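In what follows, a single structure is set out as structure tokens and then discussed.
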Amino acid sequence: MMDNFTYTGLPSRVIFGQGIITQLADEAEALGMSKALVLTTPQQKELGQELLDMLGPQSVGLFGNATMHTPVDVTNDALKKYRRLGADGVISIGGGSTIGLGKAIALHTDAPQLTIPTTYAGSEMTTIIGQTEGGLKTTQKTLKVLPETVLYDVDYSLSLPAIMSVTSGMNAIAHAIEALYAENANPVLSLLAEEGIRALIRALPIITKDLTHPGARKDALYGAWLCAICLGSGGVALHHKLCHVLGGTFNLPHAETHTIVLPHALAYNAPAAPDAMARISRAVGSEAPAVALYDIAKNSGAPTALRDLGMPEDGIDKSVAITLDNPYWNPRALDPTGLRAIVRAAWAGERPAPIPLNAATVR
Ligand code: NAD
């Protein structure tokens with residue numbers, strides 16, 4: 001019998017397809033933008049310039065210095081430019097770093113946001129904004145930062161290199177996996193999560209061999225969108241907690257850290273989340289999905305060991321202690337021995353092994 005549940009939908013308009021960038025000017029106008037500021041990272045400035053050319057007088061300029069983890073000083077520079085040019089909205093083209101900058105501008109100005117995601121990270125579907133200042137990252141949730149319109153144009157994902165496609169795809173899959181066993185899991189998000197994982201798992205091995213495969217790129221972006229809704233409307237658990245701790249403490253790169261940790265966090269939670277595991281197994285096409293995810297990453301050449309990202313060995317105990325100090329809700333209670341075992345395995349790059357339930361971890 002179905003349990004009671006709560007589902008929170010977030011208001012955003014999504015246009016999905018290939019070549020839909022032709023709708024950019026109309027969609028910007030529909031948001032009331034007549035002086036848009038276009039945002040990119042330094043690496044994607046050329047794309048920003050292309051958008052300026054498409055928009056003509058509807059845009060007032062480009063800010064091309066978006067940076068990972070939304071540093072406050074970069075946001076302040078962008079805000080100065082936004083105000084100086086009299087802009088009335090932002091168009092963010094890029095991954096989570098660029099979208100994060102757009103969100104930060106919206107937080108301060110209520111600017112409407114139109115986003116064109118070029119990775120699978122999923123920030124465009126969430127009310128979450130993380131900002132860094134003086135080495136400290138703080139995160140808040142507010143509807144003010146949710147982008148109003150998202151153009152998922154497959155063309156802009158074609159340039160994502162093979163390994164980044166896999167690590168970013170694993171980042172997306174992690175959102176769906178945790179929504180399936182989060183405290184506020186619900187049947188609607190479970191449908192989206194299963195389908196999102198399935199679409200990405202189908203696509204990633206093809207993309208690693210053929211970067212511009214149109215069907216696989218479409219599947220991957222579609223899957224990433226569904227997984228992003230899971231992050232925006234659902235909950236997270238041990239995996240996201242560990243990634244925040246590891247990323248924040250050792251300054252590890254975002255998508256790679258998710259890719260390495262996910263199989264181990266899943267192996268830890270598997271015995272405590274049988275319904276979620278049934279869906280994940282179906283979507284991944286394996287009775288041992290944690291191992292299958294590890295193998296997909298390894299076979300693509302993605303990193304599988306936290307030590308290869310620069311994490312020191314004594315960071316294992318440190319990150320376990322920080323995680324236990326202020327844990328997120330998790331389907332399986334956290335025990336120091338089991339937790340240390342998975343962090344150590346992730347650090348060393350081992351294949352995930354089953355972590356049997358013991359009396360201390362049965363809820
Ligand atoms: P990113 O945005 O930092 O991009 C990484 C690099 O890849 C950048 O140099 C970028 O210019 C480049 N790039 C992006 N798309 C490309 C493409 N199609 N082709 C070639 N190069 C491309 O990486 P990310 O993983 O998308 O985002 C990570 C950041 O997003 C982190 O700061 C993370 O905390 C944040 N994030 C936030 C949320 C949220 O809900 N607030 C969700 C997910 C991620």
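Just so you know, ligand 1 is whichever comes first in the structure, and atom 1 is the first atom listed for that ligand. Please read these numbers as outputs of a predicted model, since none were measured by experiment.
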If the cut-off is 4.0 Å to any non-hydrogen atom of Thr126, which atoms of ligand 1 fall inside it?
39 (C), 40 (O), 41 (N)

Do any N/O atoms on Leu231 end up under 3.5 angstrom from N/O atoms on ligand 1?
no

Any side-chain heavy-atom pair from Asp53 and Leu51 closer than 4.5 angstrom?
no

Looking only at side-chain N and O atoms, does Lys103 offer a donor or acceptor that is under 3.5 Å from a partner on Ser123?
yes

Is ligand 1 less than 4.0 angstrom away from at least one heavy atom of Met164?
yes

Report the relative orientation of the aromatic rings in Tyr222 and Phe16; use parallel for angles under 30°, tilted for 30 to 60°, perpendicular for over 60°.
perpendicular

Below 4.0 angstrom from a heavy atom of Lys103, which ligand 1 atoms are there? Numbered from 1 as shown, please.
39 (C), 40 (O), 41 (N)

Protein contact of atom 44 (C) of ligand 1 - nearest heavy atom, named by residue and atom, plus distance
His254 NE2, 3.5 Å

Can you tell which of Lys141, His258, Gln44, Gln43 gets a heavy atom nearest to atom 21 (N) of ligand 1?
Gln44

Any N or O of His69 that comes nearer than 3.5 Å to an N or O of ligand 1?
yes

Min over Thr132, Thr70, Thr118 of heavy-atom distance to atom 18 (N) of ligand 1 lands on Thr118

Return yes when Met125 approaches ligand 1 closer than 4.0 angstrom through a heavy atom, no otherwise.
no

Under 4.5 Å between any side-chain heavy atoms of Val150 and Ile15, yes or no?
no

Should you measure from each heavy atom of Leu160, which atoms of ligand 1 turn up under 4.0 Å away?
15 (N), 16 (C), 17 (C), 18 (N), 19 (N)

Closer than 4.0 angstrom, basic N to acidic O: yes or no for Arg307 and Glu313?
no

Closest approach of any protein heavy atom to atom 31 (C) of ligand 1, naming residue and atom:
Met68 SD, 3.6 Å

Taking the side chain from His175 and the backbone from Ala121, do they hold a donor-acceptor pair closer than 3.5 Å?
yes

Considering heavy atoms of the protein only, find what lies nearest to atom 3 (O) of ligand 1 and give residue, atom and distance to 0.1 Å.
Ser97 OG, 2.5 Å

Residue Gly95 vicinity, atoms of ligand 1 by number, heavy atom under 4.0 Å
2 (O), 26 (O)

Using 4.0 Å as the upper bound for N to carboxylate O, is an ion pair formed by Asp295 and Arg351?
yes

Short version for Lys137: what comes under 4.0 Å of ligand 1, heavy atoms counted, is side chain

Just need the protein heavy atom nearest to atom 43 (C) of ligand 1, so name the residue and atom and give the distance.
Ala121 O, 3.4 Å

Would you call Glu178 and His240 a side-chain contact if the rule is heavy atoms closer than 4.5 Å?
yes

Among Ser168, Ser159, Pro117, which residue places a heavy atom closest to atom 19 (N) of ligand 1?
Ser159

Step-by-step side-chain contact (heavy atoms from CB on, under 4.5 Å) determination, Asn326 to Lys241:
CA-CA 9 Å; Asn326 179 18; Lys241 174 70 188 183; 4.2 Å; yes

Using a 4.5 Å cut-off on heavy atoms from C-beta on, say whether the side chain of Leu226 contacts that of Ile197.
no

Using a 4.0 Å cut-off to any heavy atom of Tyr156, which atoms of ligand 1 qualify?
18 (N)

Is it true that His239 and His264 have ring centroids separated by less than 6.0 Å?
no

So the atoms of ligand 1 within less than 4.0 Å of a heavy atom of Gly96 turn out to be 2 (O), 24 (P), 26 (O), 27 (O), 29 (C), 30 (O)

Salt bridge Lys35-Asp88, side-chain N to carboxylate O under 4.0 Å
no

Would a 4.5 Å heavy-atom cut-off, applied to side chains only, mark Leu334 and Asn330 as touching?
yes

Determine, counting only non-hydrogen atoms of the protein, whether one lies under 4.0 angstrom from atom 11 (O) of ligand 1.
yes

May I ask you to check if ligand 1 and Ile128 share an N or O to N or O distance below 3.5 Å?
yes

Would you check the N or O atoms of Asn171, main chain and side chain alike, for any that come under 3.5 Å of an N or O of ligand 1?
no

Under 4.0 Å from any heavy atom of Thr41, which atoms of ligand 1 are there?
10 (C), 11 (O)

Write out the residue and atom name of the closest protein heavy atom to atom 39 (C) of ligand 1, then the distance separating them to 0.1 Å.
Ser123 OG, 3.4 Å

When you compare the side chain of Phe250 with that of Ser319, does any pair of heavy atoms fall below 4.5 Å?
yes

